[in-house]
Amino acid sequence: MNLAYRDIRHNLLRFVMTCVGLSLLLGIEIMITGVYGGLIDEALRQARAANADLWVIQPGTNGPFAESSRIPGDTREMVARTYGIERAGAVTYQSVQTTLEGVPLRLYIIGYELNRPGGPDHLVAGRDIMRKRYEMIVDQSAGLALGQEVPLGTHGHKYTIVGMTRNNTTSAGDPVGYLTLRDAQNLQFELAPPSERREVARGGALQTNDQINAVIAKVSPHVPRDEIAAALSRWKHLTTLTQEQQENLLSTFVIEKSRKQMGLVMVLLVIVSTVIISLIVYTMTMDKLRSIATLKLIGAPDRTIVGLIVQQALSLGLVGFFAGLTLVLVFLPYFPRRLVLEPASIAVVFVITVVMCLAASVLGVRLAMKVDPASALAG
Amino acid sequence: MADPVEPALVEIENLSKHFGEGETRVDALRGVSLQVFPGQIVGLLGASGSGKTTLLNCVGCILEPNGGRMTLDGDVVYDDRWLRSDLRRLRLEKVGFIFQFHNLLPFLNCADNVGLVLQLAGFGAAAARARAIELLDYFEVGRHKDRMPAQLSGGEAQRVAIARALANRPRIILADEPTASLDSHRAGIVMDLLRKIAVEQHAAIIAVTHDEKIFGRFDEVFHLRDGQLDADAAGGRRFEPTDMQTSARHDRAEC
Ligand SMILES: Nc1ncnc2c1ncn2[C@@H]1O[C@H](COP(=O)(O)OP(=O)(O)OP(=O)(O)O)[C@@H](O)[C@H]1O
Ligand SMILES: [Mg+2]
């Protein structure tokens with residue numbers, strides 16, 4: 001017969017209450033890994049959403065997301081002609097802010113060439129951009145409606161929302177908007193009307209807007225990517241990153257800091273949880289001292305007694321863990337931040353929980369080992 | 001009745017035990033010697049604080065004496081120090097305890113309280129339960145087998161505890177005021193039971209008591225006074241040790 005289980009059943013209410021408390025603690029730990037997973041996901045989402053194999057960017061920069069990268073607008077044609085490249089598309093990235101009925105709205109604008117790589121992957125409503133000017137696809141999180149017109153840029157041109165994406169935000173949480181490359185270039189490089197008039201008056205030619213931030217390329221599956229990247233690197237005014245390099249750059253530079261912060265919070269939480277579980281196990285053992293003394297008296301070996309304590313600690317941890325996981329899953333949709341729960345990180349929290357419970361049993365086990373069997377006889 | 005040629009089950013020679021040191025030192029046992037033979041029920045009497053419980057705890061290997069020699073069922077277990085490292089196993093196999101308060105595990109029902117010691121001794125779960133219920137029936141508490149200890153009266157709980165103490169057929173049974181929480185009728189039943197076990201299982205039973213009603217039921221009575229046995233008690237033994245004791249000791253050296 002399992003003594004741990006019998007004792008739990010005998011004191012079921014207390015066990016359940018303890019598990020509820022513990023589940024909150026472990027739920028927070030799971031949540032933190034979810035927030036962290038969400039951060040990585042968001043940081044990489046822009047790079048992943050582009051669905052690229054290769055990124056052609058300005059040399060000496062870390063790509064269009066980590067810093068600014070500017071290359072000539074005709075780069076796309078050069079890249080497209082390279083052996084092994086199947087498709088290529090020029091893209092621009094920029095943040096814009098506008099005001100809609102007095103409420104500020106920040107958008108992260110991606111300019112792309114229609115029917116080339118770089119555009120939105122999957123629409124949840126509306127249609128693709130079809131006209132070369134003044135149409136926009138935007139993420140649902142911007143809170144805009146199909147058909148709504150949004151003024152952007154110093155000229156205040158209005159852009160009509162024609163399509164919607166979902167879960168397409170920057171790591172800062174700004175919704176992503178897609179424009180045609182031409183619109184985006186104008187938005188990025190256009191001068192405010194007074195400056196423009198001054199330039200014209202000065203007799204200066206209007207500066208060309210034909211710059212882009214990167215070229216996204218899809219490669220043939222039959223040609224090794226490294227080979228293509230090497231071929232592209234011959235042009236001294238360009239640098240090529242594979243998608244993998246791009247993701248590594250983003251995860252090292254962009255999220256290194258949050259990784260440390262969350263790691264710290266996680267370590268503190270684990271310490272706090274271990275202390276709390278230790279105290280719970282200790283008091284549970286305290287309450288059973290007489291039974292433990294009796295067990296020793298009637299000849300139960302140490303392993304029976306250690307088993308009783310360790311199994312109870314583990315049951316607490318496991319029930320708390322799964323209850324916490326359920327809580328997180330149930331409340332996931334109401335969470336203000338997007339959580340990404342990777343099975344691997346949930347497994348890590350699970351292993352941490354088991355280790356915490358084992359560590360927390362030490363105190364209780366030591367107490368139980370010290371119990372004098374004669375104390376069972378004291379009236 | 002006991003067979004006079006059998007060796008003593010419990011043999012204590014010059015056992016001493018003290019608590020504390022210096023000013024606070026209490027000599028609970030000072031050179032106690034006694035023997036209990038199979039089939040014998042002996043009573044341990046004495047004023048409060050005379051050392052009865054201490055003696056019982058030493059015999060049960062719960063308390064380490066400070067000197068002397070102790071032989072249980074042919075095994076020298078103590079000779080100025082413990083000679084066995086697995087005292088708990090020894091208790092499981094050879095010693096049954098009956099306490100003044102029942103000491104049942106509160107989180108197990110009656111059948112499992114008894115079954116547990118059987119399982120610890122190697123019985124399978126089903127066999128342990130069957131034998132536990134058999135024992136409970138024997139002590140007329142079989143109908144309470146699925147009740148928790150808290151749901152029993154004092155006398156019922158005591159009988160369950162006795163069933164537990166006897167489950168592994170221990171040859172040495174130590175009872176500390178087993179009838180103190182029972183009325184005289186119940187006390188009589190318990191004493192009859194102990195007698196039956198002593199006879200049937202050839203067990204040696206040492207029972208501490210203050211209860212004058214049951215004095216007459218002992219084969220022999222030892223009086224403790226300030227940690228020493230009264231002289232008259234020492235002379236009142238019915239059985240003398242024989243040479244077989246020595247050979248029995250060798251026979252059982254491995255177990
Ligand atoms: N753990 C202990 N520490 C210190 N002194 C103890 C301890 N146990 C017993 N004593 C002392 O040893 C003496 C003998 O105690 P013991 O419990 O054997 O008496 P007893 O004969 O069983 O008494 P009672 O009839 O009241 O149960 C007493 O003076 C008691 O105070
Ligand atoms: Mg006593």
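Note on naming: letters A, B, ... go to the chains in the order of the sequence lines (proteins, then strands), and numbering restarts at 1 for each one. As the structure is a computational prediction, the values presented were derived from the model and not from experiment.
- Classification of the A:F350-A:F322 ring pair by plane angle, with boundaries at 30° and 60°, yields tilted.
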*Could you please spell out the steps behind the salt bridge (charged side-chain N to carboxylate O under 4.0 Å, His left out) verdict for B:R69 and B:E11?*
CA-CA 8 Å; B:R69 185 181 161 95; B:E11 185 178 4; over 6 Å; no
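- Interface check for chain A: of the options B:A165, B:P106, B:G115, the most heavy-atom pairs under 4.5 Å are formed by B:P106.
- Between the side chain of B:N168 and the backbone N or O of B:E93, no donor-acceptor pair lies under 3.5 Å.
- Residues of residues 299-312 of chain A that come closer than 4.5 Å to chain B, counting heavy atoms only, are A:G299, A:A300, A:P301, A:D302, A:T304, A:I305, ordered by residue number.
- In this structure, no portion of A:I8 lies under 4.5 Å from any heavy atom of chain B.
- A 4.5 Å side-chain heavy-atom check between A:D287 and A:N11 finds every atom pair outside the cut-off.
- Looking at B:R129, there are no atoms closer than 4.5 Å to chain A (heavy atoms on both sides), in backbone or side chain.
- Here CG of B:L55 is found 7.0 Å from CG of B:L15. Values are rounded to the nearest 0.5 Å.
- Counting heavy-atom pairs under 4.5 Å between each of B:M148, B:Q119, B:R89 and chain A puts B:Q119 at the top.
- A donor-acceptor pair is defined here as one N or O able to donate and one able to accept, closer than 3.5 Å; such a pair exists between the side chain of B:N66 and the backbone of B:H18.
- Contact between B:A28 and B:F19 at its shortest, heavy atoms only, is CB-CE1, 3.6 Å.
- The backbone N or O of B:H202 sits less than 3.5 Å from a side-chain atom of B:R171, completing a donor-acceptor pair.
- For B:N57, the part lying under 4.5 angstrom from a heavy atom of chain A is the side chain only.
- Here CD1 of B:I173 is found 14.5 Å from NZ of B:K94. Values are rounded to the nearest 0.5 Å.
- Here A:L341 contributes atom CG and A:L329 contributes atom CG; the two are 6.0 Å apart, rounded to the nearest 0.5 Å.
- Proximity to chain A is absent for every atom of B:P170, based on heavy atoms less than 4.5 angstrom apart.
- In this structure, chain B has heavy atoms under 4.5 Å from both the backbone and the side chain of A:S291.
- Proximity to chain A involves both the backbone and the side chain of B:L116, based on heavy atoms less than 4.5 angstrom apart.
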